Amino acid sequence: MDAQKVDAFIMANTKYFASHQIMNVRDMLLGMDESRWSYIISLEFKDPTTMLIISIIAGGLGIDRFMIGDTGLGIGKLLTCGGFGIWTLIDWFFIMDATRQKNLEKLLANIR
Amino acid sequence: MNTAKNKLYLIVFIACLFGIIWLLYNLLHVNNQTEGLTVCYMKNITTLPCPSCGTTRSVLAILKGNFYNSIMINPLGWVIFIFIITIPFWISYDVLRSKSSFYVAYKNTEKWLKRPYIYLPLISLIVANWVWNIYKEL
């Protein structure tokens, strides 16, 4: 995979991935087949900052978890009133990392 | 996938444990109807109840045999009750037999729930329950 294209992709999408994963992502993209490029650039990632805002506003109803695709955890959060408020608070701190992890999983699923 | 399964089992088991401790605390220590702890984040901030407000009272009513009351207070109590009873046994069975039946069932349910014809009716039910909670001034 063309290094210039990969670097452009990385620069445009840095905020969607955890900083310690960026180098791995770069290496994987460099080793990737040219044919998968069109899939990769059409991928939509979730913005961690937006998720944090959603978590603060509507985290008690599990909406933040639903939006990153953790349907089961979202239901658990909803049924327990945001895990007695404790889970709501915990997720305020964890949601940004969880979003980046989900973004990475989505990218990995499409690289192969 | 081993660690993902273990993480899930740990989280769910701890959640059930927490729920059981919470129920026991309410059962044994909270005698007065009006003395209950309001742990709902939404209620403390906006004074409006959330869709699952009242589930503790509902499950306590089930434990006392008061089935009609439990539905009247919050039907979600039944959902929680069934989960709390079955899930610890299911997970223990899986751990003892080194199987992943719960994990597989969980993943399949997640996939199934992502379909619009499933989650849209479920969301309407939750919203209806929420409106009912507000109407009941829970």
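Only this structure's heavy atoms are used, side chains among them; waters, hydrogens and symmetry mates stay out. Quick caveat: nothing in here was measured; it's all calculated off a predicted structure. Chain identifiers are assigned alphabetically (A, B, ...) following the order of the sequence lines, protein sequences preceding nucleic acid strands; residue numbering begins at 1 within each chain.
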Legend entry - Nearest-0.5 Å distance that lies between atom CD in B:E110 and atom CG in A:D70: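 It comes to 6.0 Å.
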Legend entry - Point-to-point distance, once rounded to the nearest 0.5 Å, from CZ of A:F66 to CG of B:L113: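 CG of B:L113 is found 8.0 Å from CZ of A:F66.
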Same cluster for [X] and [Y] if Ile/Leu/Val/Met/Phe/Trp/Tyr side chains link at under 4.5 Å?
X: A:Y16; Y: A:I22; result: yes
X: A:W37; Y: A:L108; result: yes
X: A:I111; Y: A:L43; result: yes
X: B:W78; Y: B:W90; result: yes

Inset, instruction - Looking only at non-hydrogen atoms, find the nearest pair between A:L79 and B:S52 and report the distance. - result: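 So the two residues come closest at O-CB, 3.2 Å.
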For [X], is it the side chain, the backbone, both, or neither that has a heavy atom closer than 4.5 Å to a heavy atom of chain A?
X: B:L122; value: neither
X: B:K111; value: neither
X: B:T55; value: side chain
X: B:F18; value: side chain

Just checking [X]: does its [atom1] atom have more than 12 heavy atoms from other residues, nucleotides or ligands closer to it than 6.0 angstrom?
X: A:M32; atom1: CE; result: yes
X: A:E44; atom1: CD; result: no
X: A:F45; atom1: CZ; result: yes

Inset, instruction - Any chance you could lay out the side chain to side chain contact (heavy atoms under 4.5 Å, CB included) test for A:T71 and B:Y106, step after step, and finish with the verdict? - result: CA-CA 10 Å; A:T71 318; B:Y106 178 84; over 6 Å; no
Legend entry - Close side-chain approach of A:L61 and B:W130, heavy atoms under 4.5 Å: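 They are in side-chain contact.
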Inset, instruction - Could you check which of A:I86, A:I75, A:L73 has the highest count of heavy-atom pairs closer than 4.5 Å to chain B? - result: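 Greatest number of close heavy-atom pairs with chain B: A:L73.
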